[in-house]
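This one's a predicted model, so the numbers in the text were calculated from it and none came from an experiment. The figures that follow rest on heavy atoms only: side chains count, while hydrogens, waters and symmetry mates do not. When a ligand or atom number is given, it counts from 1 through the structure's own listing order.
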Amino acid sequence: MFMAKTIMYTLQLSCIQIAIALLLFTQAKGTTEDTSALHPNDAPASCVAGERSALLSFRAGLSDPCNLLSSWKGDDCCRWKGVYCSNRTGHVVKLDLQGSDDYRQALAGNISSSLLGLQHLRYLDLSDNGFYKIQIPEFMGSLHQLRYLDLSSSLFIGRIPPQLGNLSNLQYLNLESYSDTYSTDISWLSRLTSLEHLDMSQVNLSTIVHWLPVVNMLPTLKFLGLSACQLRTCPDSLQLSNLTSLETLDLSDNQFHKRSRPNWFWDLTSLKYLYIWENGFYGPFPDEIGNMTAIVELDFIYNNLVGMLPPSMKNLCNLEKLASAGNNMNGSITELFHRLPNCSWNKLQDLFLAESNLTGSLPSIPVQRLSNLSRLYLANNSLTGHVPVWIGELKQLTTLALNSNNLDGVIHEGHLSRLEMLEKLVLSDNSIAIRVSPKWVPPFSLKQIHLRSCQLGSKFPTWLRWQTHVWSLDISNTSINDMIPDWFWISASSVEYLNVQNNQITGVLPSTMEFMRGKGMDFSSNQLGGPIPKLPINITGLDLSQNNLVGPLPLDFGAPRLETLLLYNNMISGVIPSSLCKLQSLQLLDLSRNNLNGSITDCLVNESSTSMAGLSITNLSLRNNNLSGAFPLLLQKCTRLMFLDLSNNQFYGTLPAWIGEKLLSLSFLRLRSNMFHGHIPVELTKLVNLQYLDLAYNNISGSIPRSIGNCTGMTQTRGNSDNLQYAFNYISGVNDNVLVVYSENFTVLTKGQERLYTGEIIYMVNLDLSCNSLTGEIPEEITTLVELKSLNLSWNNFVVKIPENVGALIQVESLDLSHNDLSGEIPAGLSALMSLSRLNLSYNNLRGKIPTGNQLQTLEDPASIYIGNPGLCGSPLSWNCSHPEQVPTTRERKGDAMSDMVSFSLATGSGYVMGLWVVFCTFLFKRRWRAAWYSLCDNLYDHVYVQVAVTWASFRGRING
Ligand SMILES: *[C@@H]1O[C@H](CO)[C@@H](O)[C@H](O)[C@H]1NC(C)=O
Ligand SMILES: *[C@@H]1O[C@H](CO)[C@@H](O)[C@H](O)[C@H]1NC(C)=O
Ligand SMILES: *[C@@H]1O[C@H](CO)[C@@H](O)[C@H](O)[C@H]1NC(C)=O
Ligand SMILES: *[C@@H]1O[C@H](CO)[C@@H](O)[C@H](O)[C@H]1NC(C)=O
């Protein structure tokens, strides 16, 4: 469904759904049952008093929230809803209390044994109800007259009672379950010798090995449903088969994992419907198929069968449906068409041959013989060549799915003008061009139009104008370079899943957008302008990113169900309105790279403060705007937040302690390039999931809290990375219409370069505190953050020494401690960092011998790693440690505290600047402060400008490189 957040072949889903639908269809056909009972209104007989009170006690045990049994009053129980009496004897013979699929109209509660008062009951249907958490009652085995018992989909749990084996008159038994029912011994079934219909699908029979001999005791069986029973054994053969009347066999979705032949069921020549999909059968398509001359439907999708259909297929003269998708036919489509039985061509309705490794072009065939073909699925093969015009002769065609092949050529009116029944046209991901006259009026009314990556020409396709019942429309990446015509909004108003991304579409969103039916809409990567109107009421996912939208965000979004809103890379301006707070289902909001300004609403202003429940948001990106104000108070309500990015704005003030108390799920916190000051609150280290903390380019002072080691997100591999996947990667769509695709992505400055990370960012563990005014010692605890891949503490005022145990950071790929005031020797353990590919220790006050060995020998540009530490010696520097007299032991420095905001020292002698770097590093990002600073130390500025400019250029080079 729409919210699917993992990539899956939705085609697979649809095939399975179809298979299930077919199965249900055949089941429905098999359920005819004569109870020789009359509808109550025709019944002359009145109710037997004992049976009436039995019914009333039965009802007393039930809970009936929807009052389905409101007619159960008065004397004549034969007139009650669902109760049927024999017109001969007056006894209740049938009880039909089927609920509904969605459990909204359902009975629940307990099933009273008073039901045993209905000893003449022949028919009992309690299916589709909600008997949560109770077992099927054992006493049901005492309703000896039962011919028909349907307990399917009623949420019973636990063991199927073997007492049901006492119902020796039973002809129909349906125990299909979507809850946890099981049986460890089904020998009781063998006593039901009149059984014609047996369905135990989804009942866990995983412990039962010899299930087939039991079933073989049922000689009148016509229908056998054992789908998804976790069966593992499938015997090769069945000596003395009793199952000579079997018409429908459903063994799909078990775990046989054996060769396709020999297998007992190939001998069932009476079979009409065979479903063996997803069983892990491998080997060839068996020749024995040809023995099943009565077969109408064959479904073996998603096994591991290989090769073409066998020649014996020609015997299957009744074949209507062939579903073989997801096996490897490994041959040409021409060959396949030759193998389809000649004698049944005019009966064939459905061909499901997607994902079958079919090659070649669609052959020319005498189409009049495929006169009944209704659904043709050839998606995800390797078909080449043109789409032949004969497709257009298939007058019964409702579905044409040719997506994801290598088809080319042109589809014109000749292909389409006679397909009056067509409902689904799926041609996505081919090189097909669709060329029809702008005046063409199609004969069909499509529900699904998927043309992704086809060539529709630069003009908006006018024939879409007449398609007003479309439910899923995908014309993404189709080279449309045109303005959206007004009529489009009218025909698209019925569309629930609309995808026009990646074209050159201009125009504006209509002010009537709120009346559209869209649930998922993707307009990304076009050139839409204008403001954002009120959103469709049912929408859950909307992608308007990478357009030219302007103006403020709507004061009222509408859209109470909105879960994903992607507006990045537009020119949206103004403030973030407080209506944002009404989007209580919103999980993902990306407003980055716009012109938003002002401070962020705290949502209490225009709301009655009591009504403000928490927000659902897990991923919030506001980077690269002009937002300002203090750290947003609103975020206190966003307790599920995992990803927060406020970087590159003008937020100021201190980091509030409540971050560590309210945002306990936070894994990624990016506050880079703002104007935050003050200390890193110690509470921040309560964020045990924190794996990415970027406070770079602020004016944070104080020291790193020692409790930083509490951030287990940086010390352990993530246990909850599934949650992260959900928060960071979002894919939704329907069938193959993939829309609103999102992977959290941003550039990370690591290894000395900006690297773009997309979805894989969830594996990034990063601590970046660079370009602040942090002081004190780097706490030794930092070396417990062993999952760190990148550690950047450069351009601060850290003193004393590099933590002794730095060699423990075994995952570290990029380590930058440059431009601090670290002294002492470089710990020898540094050479143990086997993943290290970028190291920078320059411009400190380190001394002694540079450690050697391992990874350290492989780093690029080795001299620059250590530059600006005059006390260091040994390779790769040119001065040798054996001549200590050459090595200046301390750096000669002169420094002044210039203000309480910064301190710097200006190095002399070698003529480079220390400390001032911190100032520059900060100021280059904070224009406002820069001016003030320059007026303060104008004289200095001249003095150091040349060096700064030169070195800054190289620093920039690294960022952008
Ligand atoms: C019940 O009555 C109907 C007519 O109302 C009749 O057709 C049917 O045969 C009767 N059944 C029995 C079992 O008497
Ligand atoms: C066929 O079914 C009958 C009736 O249940 C049973 O007695 C007989 O043993 C079955 N035959 C085999 C081979 O199982
Ligand atoms: C079934 O088919 C196989 C192979 O085509 C053949 O050898 C066998 O005799 C057939 N069995 C029956 C019962 O028709
Ligand atoms: C398709 O067939 C080729 C051989 O023709 C084989 O190499 C390839 O693995 C097959 N692909 C799939 C998906 O089965």
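Applying the side chain to side chain contact (heavy atoms under 4.5 Å, CB included) test between Y172 and each of D150, L195, L198 identifies D150 as the sole match.
Listed by chain and number, residues touching ligand 4 at under 4.0 Å (heavy atoms only) are N328, N330, N357.
With a 4.0 Å cut-off on non-hydrogen atoms, T193 touches ligand 2 through its side chain and not its backbone. Contacts between N242 and ligand 2 below 4.0 angstrom, taking non-hydrogen atoms only, involve the side chain exclusively.
Going from atom CG of D125 over to atom CG of L151 covers 8.5 Å, rounded to the nearest 0.5 Å.
The disulfide (SG to SG under 2.5 Å) analysis of residues 181-220, with sequence neighbours excluded, yields no pairs. Within the structure, salt bridge (Lys or Arg N to Asp or Glu O under 4.0 Å) contacts touching residues 225-238 (residues at least two apart or in different chains) are D236-K258.
Contact annotation: the side chain of L309 never approaches that of I289 to less than 4.5 Å [non-hydrogen atoms, C-beta and beyond].
With sequence neighbours excluded, the residues forming a ring-ring contact (aromatic ring centres under 6.0 Å, His included) with F156 are F131, listed by chain and number.
The shortest N/O to N/O separation between P219 and ligand 2 does not fall below 3.5 Å.
A 6.0 Å sphere centred on NZ of K347 holds more than 12 heavy atoms belonging to other residues, nucleotides or ligands.
Counting only N and O atoms by type, the side chains of T184 and T207 include no donor and acceptor under 3.5 Å apart.
Residue contact check: L240 has heavy atoms under 4.0 Å from atoms 13 (C) of ligand 2.
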